[in-house]
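Below is one structure, written out as structure tokens; the observations come after it.
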Amino acid sequence: RPALLALVVAIAGLCAIFWGTASQMVETWYVSATFNHGFMIVPICLWLVWDRREAIEKYIPKPDFRGLILIAICMSAWTVASAAGVQSGMQFAFIGMIQGAVFTVLGWRLFRAMLFPLGFLLFAVPFGDFLIPSLQDLTAVMVVEGLRLLSIPVYIDGVFLSIPTGNFEVAEACSGVRFLIATIALGALFANLSFRTPLRRSIIMFLAILVPLIANGIRAFGIVYIAHITDHTVAVGVDHLIYGWIFFAFVTIVLLAIGMTFRETDGDNA
């Protein structure tokens, strides 16, 4: 309990000192649909620690001042990122300070026992917007290839598409970045909880990237195709319906279903 209290005080102190960074991170979770999942990251991390309580209870907290080196490095990184105006760099450094506080207060053995929950905390950082232009281009190409496969004439200019019945734009909201980022976090959680071997965990992480990319391309193609065959009387409603949580639920189910086909049993060694 004294160690836990000391850790709470240390983390509270870091939050107070770097309140601007912490509050900016939470504000981004709130205002950006891409990062709404950030509100779930801290509760999941706490649950992961609780789930490992039997293994954690084997170790006695023992302060390890090597953790101060990690904190010092992260503070230096925060200073550089702040000078450069890189919010994500400041936020990653802030999370690193929290990890360093755990290392310092509880010691290396407990830090190692909680390594995945602490690492999962990195998903709290709103990061990945830089992928939007590339994902827009990828989605546009997938839509074009689908239309050509059905022999529908199409002209593409960047993210703008033209077919005989109208024009379309693969906007930022259609890039699929919000589902890609959330699915990668989900894939990491699923891989850690359901698999033990590095190979199978790597496969799950690969699928967590591949499945939402393909699914988003299919979604965008479906919207354009439905608009084409209905003379734009249905597409808007379908867009709002499929691109919302129903689409994310579908992607999640597909990913988990694929993963469960090669889940490990007690006798598996690879």
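Note: hydrogens, waters and symmetry copies are ignored here, and every other heavy atom, side chains too, is used. What you see is a predicted model, and the numbers here were worked out from it, not measured in a lab.
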Check the pair Asn167, Leu161 against side chain to side chain contact (heavy atoms under 4.5 Å, CB included), reporting the backbone distance first and the verdict last. CA-CA 6 Å; Asn167 302 316; Leu161 311 176; over 6 Å; no
| query | Would you say the side-chain atoms of Arg148 pair up with the backbone N or O of Pro153, donor to acceptor, closer than 3.5 Å? | reply | no
*Answer with yes or no whether the hydrophobic clustering places Leu115 together with Val125; edges join I, L, V, M, F, W, Y residues whose side-chain heavy atoms lie under 4.5 Å apart.*
yes
By side-chain contact (heavy atoms from CB on, under 4.5 Å), Gln24 pairs with (sequence neighbours left out) Glu27, Thr28, Gln87, Gln91
To the nearest 0.5 Å, atom CZ of Arg201 lies from atom CD1 of Ile204 at 11.0 Å
Hits for salt bridge (charged side-chain N to carboxylate O under 4.0 Å, His left out) against Arg52, two or more places apart or cross-chain, chain-then-number order -> none
Handout entry: Linked, directly or transitively: Val42 and Phe127 (ILVMFWY side chains, under 4.5 Å)
Key = yes
| request: Using the rule that two of Ile, Leu, Val, Met, Phe, Trp, Tyr join whenever any of their side-chain heavy atoms come within less than 4.5 Å, decide whether Leu122 and Leu70 are in one cluster. | output: no
- Yes or no on side chain to side chain contact (heavy atoms under 4.5 Å, CB included) for Phe160 and Phe168, after CA distance, side-chain angles and deciding distance? CA-CA 6 Å; Phe160 297 95; Phe168 298 86; over 6 Å; no
| query | Applying the 4.5 Å side-chain criterion to the ILVMFWY set and letting contacts propagate, would Phe250 and Phe179 be lumped into a single cluster? | reply | yes
Here the pair of heavy atoms bringing Val159 nearest to Ala140 is CA-CB, 4.4 Å
Do Lys62 and Leu106 pass the side chain to side chain contact (heavy atoms under 4.5 Å, CB included) test, and can you show the C-alpha distance, the side-chain angles, and the key distance before you say yes or no? CA-CA 5 Å; Lys62 184 179 180 181; Leu106 301 184; over 6 Å; no
Min side-chain heavy-atom separation Gln136-Cys174 under 4.5 Å: no
> Would Asn216 and Thr139 count as a side-chain hydrogen bond (donor to acceptor under 3.5 Å, both in side chains) if you check the C-alpha gap in whole Å, the side-chain angles of each, and the deciding distance to 0.1 Å?
Replying inline: CA-CA 7 Å; Asn216 187 63; Thr139 303; 3.2 Å; yes
Any donor-acceptor pair under 3.5 Å from Ser194 side chain to Ala191 backbone: no
**Asked** Take atom CE in Met75; do more than 12 heavy atoms of anything else shown fall under 6.0 Å from it?
**Response** yes
When rounded to the nearest 0.5 Å, the distance separating CG of Leu256 from CG of Leu186 is 5.5 Å
**Prompt:** Is any side-chain heavy atom of Phe190 closer than 4.5 Å to a side-chain heavy atom of Met205?
**Reply:** no
Point to revise | Validation row: Val105, Pro61 side chains within 4.5 angstrom (heavy atoms) | key: no
Taking every heavy atom of Ala10 against every heavy atom of Ala101, the minimum-distance pair comes out as CB-CB, 4.3 Å
- [ ] Apply the test side chain to side chain contact (heavy atoms under 4.5 Å, CB included) to residues Val211 and Thr183: give CA-CA distance (whole Å), side-chain angles for both, the deciding distance (0.1 Å), then the verdict.
- [x] CA-CA 9 Å; Val211 169; Thr183 305; 6.0 Å; no
Q) Any side-chain heavy atom of Cys15 within less than 4.5 Å of one from Phe94? A) yes
* Side-chain donor/acceptor of Ser76 to backbone N/O of Ala72, under 3.5 Å -> yes
Handout entry: Heavy-atom check, side chain of Leu48 versus side chain of Leu193, under 4.5 Å
Key = yes
A side-chain contact here means heavy atoms from C-beta on lying under 4.5 Å apart; do Pro117 and Leu121 qualify?
no
The reported gap from CG in Asn192 to CZ in Phe116 (rounded to nearest 0.5 angstrom) is 4.0 Å
For Gln99 and Phe111, the nearest pair of non-hydrogen atoms, with its separation, is O-CE1, 3.4 Å
Counting N and O atoms only, with roles assigned by atom type, does the side chain of Asn36 sit under 3.5 Å from a partner on the main chain of Trp29, one being a donor and the other an acceptor? yes
Strictly distance-based, threshold 3.5 Å: is any side-chain N or O of Arg53 a donor or acceptor partner for the main-chain N or O of Trp50? yes
Next item on the list: Ignoring hydrogens and angles, tell me if any N or O in the side chain of Ser175 forms a donor-acceptor pair with the backbone of Ile132 under 3.5 Å.
Entry: no
Tightest non-hydrogen contact, residues Met114 and Val102, listed as CE-CG1, 3.6 Å
In terms of heavy-atom contacts, Phe130 and Pro133 come closest through O-CD, 3.5 Å
Notebook entry, point to check: Under 4.5 Å between any side-chain heavy atoms of Met25 and Ile95, yes or no?
Noted result: yes
Following the transitive rule for hydrophobic clusters with a side-chain heavy-atom cut-off under 4.5 Å over Ile, Leu, Val, Met, Phe, Trp and Tyr, establish whether Ile11 and Leu68 coincide in one cluster. yes
Worksheet entry | 4.5 Å side-chain heavy-atom contact, Leu213 and Leu135 | yes
Query - Other residues, nucleotides, ligands: >12 heavy atoms within 6.0 Å of Phe39 CZ - result: yes
Scanning both residues in full, the closest heavy-atom pair of Gly146 with Phe221 reads C-CE1, 3.4 Å
Original post:
What do you reckon, is CD1 of Ile60 surrounded by more than 12 foreign heavy atoms closer than 6.0 Å?
Top reply: no
